[in-house]
**Q** 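Have a look at the structure that comes next, please.
Throughout, a chain's letter reflects where its sequence line sits, starting with A, and its residues are numbered from 1.
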Amino acid sequence: MTITDQPTTTSTSVIGQRLLRKEDPALLTGEARFTDDLQLPGALHLIVARSPYAHARITRIDTTAAAAAPGVVAVYTGADLTDLWAAPMPCAWPVTDDMKSPAHYPIAVDKANYVGDAVACILATTNAEGRDAVELIDVEYEPLEAVVGLEDALSDRIIIHEDLGTNASYTWPLVVEEQEGAVDRAFADAAFTVKERYVQQRLIPMAMEPRAVAAVPQPFGGDITLYTATQVPHILKVMTAITLGIPEHQLRVIAPAVGGGFGSKLNVYAEELLCTALSRKHHVPVRWTEERSENSMATVHGRGQIQDIELAADAEGKLIGLRVKLLADMGAYLQLVTPGVPLLGAFLYAGVYHLPKAFSFSCTSVFTNLTPTDAYRGAGRPEATYAIERAMNRLAAAVGVDPREIRRRNYIPTEAYPYEAYTGLTYDSGDHIKAADIAADLADYDGIRAKQKDQNVEGSTKRIGIGMCSYFEMCGLAPSRVLASLNYSAGGWEAATVRVLPTSKIQVVTGTTPHGQGHETSWSMIAAEKLGVAVEDVDVLHSDTAISPLGLDTYGSRSLPVGGVAVAMACDKVIDKAKLIAAHQLEASAEDLEFSGGSFTVAGSPDKTLPLAAIAFEAFTAHDLPDGMEPNLEAHVTYDPPNFSWPFGTHMCVVEVDTETGSVDVLKYVAVDDCGVQINPLIVEGQVHGGVIQGLAQALFEGAVYDADGNLQTATLADYLVPAASDVPSITLGHSVTPSPTNQLGVKGVGEAGTIGAAPTVINAIVDALSGLGVTDVKMPASPINVWTAIAEATASSGGDVGGAASAPDTSTSATSGEDDQ
Amino acid sequence: MIPAKFDYVRAGSAEEAIRLIGEHGDEAKFLAGGHSLLPLMKLRLAQPSVLIDIGRIRDLSYIEDKGDYVAIGALTRHHDVEHSDVLAEHAPLLAHATKHVGDPQVRHRGTIGGSLAHADPASDLPATTLALGATYVAAGPNGTREIAAGDFYESFMTSALAPDELLTEIRVPKMNGAKWNFQKFNRRALDWAIVGVAAWRNGDSAGIGLVNMAGTPVLATAAADAIASGASPADAAEHAADESDPQADLNASVEYRVHLAKVLTRRALEAAV
């Protein structure tokens, strides 16, 4: 709602304009080319045979019938292909030195460890023939009991990977204490404690475009171009070279138009390795396109955690200690960053609140006979935010104050920024009370509280509730040295090249890999702002390792605060060089030149001016450059951020719950996000909209459900309930702008904020609505039956409708009714 | 998502369709709008060797006032049922229930006959036509016959149609000003109902059809009889699930389904005044 100083803007600023996205005409007209759209004459189609068992020994595979089927060129089992792999599939995040990781190959050899695990594959001349033939592969299995539950996995009753001797992959502790025993003392001294267990259900990322791969051998010499629907072509190139043992310089990875990822395409997948290896073996292009129900099983899942959180607070309800224990579901194998996901949340369990150095965190991760988990929009941070924001409402109830008030008492004060947190990380900037106040105004918080007193009365079957959540997003992955301290196998820098062409058009080459985020538009706006050119005169090149050889790609809301800042820095370097040429041409001292609106002017002599266009042509002809200057006008920057960035905000949600059926109607959703300076508010709003819906979907709709044998019950979109536009509310957006002091653009990032804020907001609202019935928790997703069951259980244990609006039946301080969540 | 191999033939008339299915036998299926059959084929849960496309038989698409009933051609699209003036006047419950089928794309392709012949108890229209006491007309090699909706649904996705019969017409008795209500309880607008209720009442008589409360659509006669005997909607609704035999699934336990049937029936009866 309020705009503070935007450090780089002027009155004619491009930054901050609501420009339509450059990307959209191609996408909306269907002309954008996705991997499956590529025409590749002579390509063979890869079809993967997948295990129907969650846990089974493969005792025999007969491929005879499949090999004889029409159109089939080859059939391979795991054993047939072992020579192709120089190393197992990569896990780039060995979080502890003693982490256990099973060897994972693109096709299983002896044992299938989840439904969907690859057990054989076919190369066929058409996809349809391959799909028919794959049914003819005769695999004999010896089914074993499946491990589905996390606590069952931890018990080691059945060990999935026998050579590891246990299902536990690792335990990662983080204990921060001013003095030893500080956490225990905090709990001993506490006036109030809260102890809660929350379950983060498994989620299927369900990008609009399933995965697709096409590996194309280049003429003579062994070079391969790998087209793939990925978020990470740069990382994939390195990992493919290592895994297949082929020279990295012979690989070119291209991510064509990519239809969303949400973290699920931040990976190195079996099919990418199979297509590459088999195209080399057969000397023809090999392609694969995932089917939707295949995607549900063979592409990573997200979340899957049991969270135990304990808060200790003083008499005023201020946090003095925090304990967190996680049990995290890795699935059957460790994919690229599987083990690190819960750790990304470790630094956010105190949310936006001041916590003394009395924090203990430990995460134990286990293997199960389920699809591997990995990054999913927010990756660790939505889980952490959910736990603290649900628990803060419990604390409010215990203390006997409104959830808004408990937060107000605990927010890190604005004047404390930059704020060194209990974990040693420094939060860059924030103004939490302002964000919460904007949200409360938009949601009519006080009005809803008043309305509850009238509506949530005894016998009422339509109860309203309001919930809130204040959060940090933690973006800008990441300072490379911080990643080193977490045992992550890569850095967190980003690269950019800015090139002024002879005709003064601008090429921006970025190492980020947009797949729906609109980088072409935003990066063009940054360059246009910096160089004083029109947005249309900037072209952004990306997602092809031959064009953009350096980069660490797009995930974790890192692109703008790292990659976008790198673009701005490269523009500065271009201007610096252009200034030397201008000084030479204008026979002036460089110090006397001013750059504005795309032209250099000698200070005090407004007629002595030289536009960038003229300088670009000079750099091209090189007829009269300063002595020793290289004839080009381009600059390259690789930027390693000094800190994470810390977007923050407050969401609020008003729901009406039908207590007879358990149905939840979202009446209003308010999102106030402060992502620092906004390059393009239209894109920011789109990111928040999508993020909120994805978080709301976890709260109300989605969940990957398995039966006791490890069969996925929600493999189609009829059973896995991705909400449609008709199922979700309009979203009221507000914002504040608190620039990040750590980068020249003042930007923070916005990709995951909505998802991080939404799930706890919605569940807090539902619990608030039902607090008068004694409900203190509702299982996610809060489906009608789960809400109805929560009401039935609460009513049974309290002996019936406890009446009254928003009383606090489970606390000893229930006198201040009307304000409590519980 | 690629079906198993099948042959395709197109019928130009009902007679040709019946002749073709006689030629191809048990392995053939009629294809109308395709919104139930094609997904099953793509998942390879159905693998007919021949599809007989009846979708272009224009003379099976009509809605006509026949005096005491409305005749609806089996290939009438849901969209046309939804927007029919004749049905709005004489069988508004059916037109309204049809609004709840799938989404606009589905309603522009799917047909009323296809939906009924598929005999899915979770579909909206079988229970609705059952509540309305509709009669279906089937044509076979030996001519046509009428089948009461109450006799049509034999078990899960199995109807009284013989393999060589084609559903050609649905006859819906006029509602004669009866009050009605349709309740569809689901999680997303385009989903099948977790439980649905189609109800009407007119003086002492009432009809209540339940969606997804057994292997077939269910006529809740005990609740309807209670209304006829003067019971309140709340008391009548206590009997809503007497004839049901629901299954548990991801969205509902048996107990919850029975509870929903009672709540939704009460609401439907309360609203139908």
**Q** Determine, step by step, whether B:Asn251 and A:Ser783 satisfy the side chain to side chain contact (heavy atoms under 4.5 Å, CB included) criterion, reporting the C-alpha distance in whole Å, the side-chain angles of both residues, the deciding distance to 0.1 Å, and the verdict.
**A** CA-CA 8 Å; B:Asn251 290 315; A:Ser783 61; 5.8 Å; no
**Q** Which atoms of B:Arg257 are under 4.5 Å from chain A, going by heavy atoms: the side chain, the backbone, both sets, or neither?
**A**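 Neither part, no heavy atoms under 4.5 Å.
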**Q** Using the test salt bridge (charged side-chain N to carboxylate O under 4.0 Å, His left out), find all partners of A:Arg50 that sit at least two apart in sequence or belong to another chain.
**A**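 A:Arg50: salt bridge (charged side-chain N to carboxylate O under 4.0 Å, His left out) contacts with A:Glu271, A:Glu294.
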**Q** Over all heavy atoms of both residues, which pair between B:Leu43 and A:Ser293 is shortest? Give the atoms and the distance, please.
**A**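 In terms of heavy atoms, the two residues are closest at CD2-OG, 4.3 Å.
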**Q** Looking only at heavy atoms, which two atoms of A:Gln713 and B:Leu250 are closest? And how far apart?
**A**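 Where A:Gln713 meets B:Leu250 most closely, the heavy atoms are O-CD1, 3.6 Å.
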**Q** Determine whether more than 12 heavy atoms belonging to other residues, nucleotides or ligands lie under 6.0 Å from atom CD of B:Gln47.
**A**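 Atom CD in B:Gln47 is crowded, with more than 12 foreign heavy atoms closer than 6.0 Å.
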**Q** Contact part of A:Asn786 toward chain B, heavy-atom cut-off under 4.5 Å: side chain, backbone, both or neither?
**A**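 Looking at A:Asn786, nothing touches chain B.
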**Q** A:Gly703, A:Ala718, A:Pro723: which one forms the most heavy-atom pairs within less than 4.5 Å of chain B?
**A**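 Top option by heavy-atom pairs under 4.5 Å: A:Ala718.
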**Q** Are the side chain of B:Arg187 and the backbone N or O of A:Leu700 linked by a donor-acceptor pair below 3.5 Å?
**A**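 Judged by distance alone, yes, a pair lies under 3.5 Å.
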**Q** Crowded around B:Phe185 CZ? As in, over 12 foreign heavy atoms under 6.0 Å?
**A**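 Atom CZ in B:Phe185 is packed in, count exceeds 12.
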**Q** Is it the case that more than 12 heavy atoms not belonging to B:Lys29 sit under 6.0 Å from its NZ atom?
**A**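 No.
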**Q** Can any side-chain N or O of A:Asp727 pair as donor or acceptor with the backbone N or O of B:Ala189 at less than 3.5 Å?
**A**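 The answer is yes, because a donor-acceptor pair under 3.5 Å joins these two groups.
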**Q** Give, for atom CZ of A:Arg131 and atom CZ of B:Arg44, the distance between the pair rounded to the nearest 0.5 Å.
**A**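 Between atom CZ of A:Arg131 and atom CZ of B:Arg44 there are 8.5 Å.
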**Q** Quick one: salt bridge (charged side-chain N to carboxylate O under 4.0 Å, His left out) partners of B:Arg188, sequence neighbours excluded?
**A**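 B:Arg188: salt bridge (charged side-chain N to carboxylate O under 4.0 Å, His left out) contacts with B:Asp191.
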**Q** Please classify the contact of A:Ala792 with chain B as side chain, backbone, both or neither, using a heavy-atom distance under 4.5 Å.
**A**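 Neither part, no heavy atoms under 4.5 Å.
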**Q** Once you round to the nearest 0.5 Å, how far does OG1 of A:Thr661 lie from CD of B:Gln183?
**A**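 Atom-to-atom, A:Thr661:OG1 and B:Gln183:CD are 10.0 Å apart.
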**Q** Between A:Pro784 and chain B, with a heavy-atom cut-off of 4.5 Å, which part of the residue counts as in contact: side chain, backbone, both or neither?
**A**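 Both parts, backbone and side chain.
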**Q** Considering only heavy atoms, which portion of A:Asp707 lies under 4.5 Å from any heavy atom of chain B: side chain, backbone, both, or neither?
**A**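 Nothing of A:Asp707, per the 4.5 Å heavy-atom cut-off to chain B.
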**Q** What are the two closest heavy atoms between A:Glu660 and B:His259, and how far apart are they?
**A**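 Reported closest heavy-atom pair: O-NE2, 2.6 Å.
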**Q** Flag the one option from B:Lys5, B:Glu255, B:Arg267 with the top tally of heavy-atom pairs under 4.5 Å to chain A.
**A**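 When all of B:Lys5, B:Glu255, B:Arg267 are compared, B:Arg267 has the most.
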**Q** Near B:Lys42 NZ, under 6.0 Å, is it more than 12 heavy atoms from other residues, nucleotides or ligands?
**A**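 Check fails, neighbour count at 12 or below.
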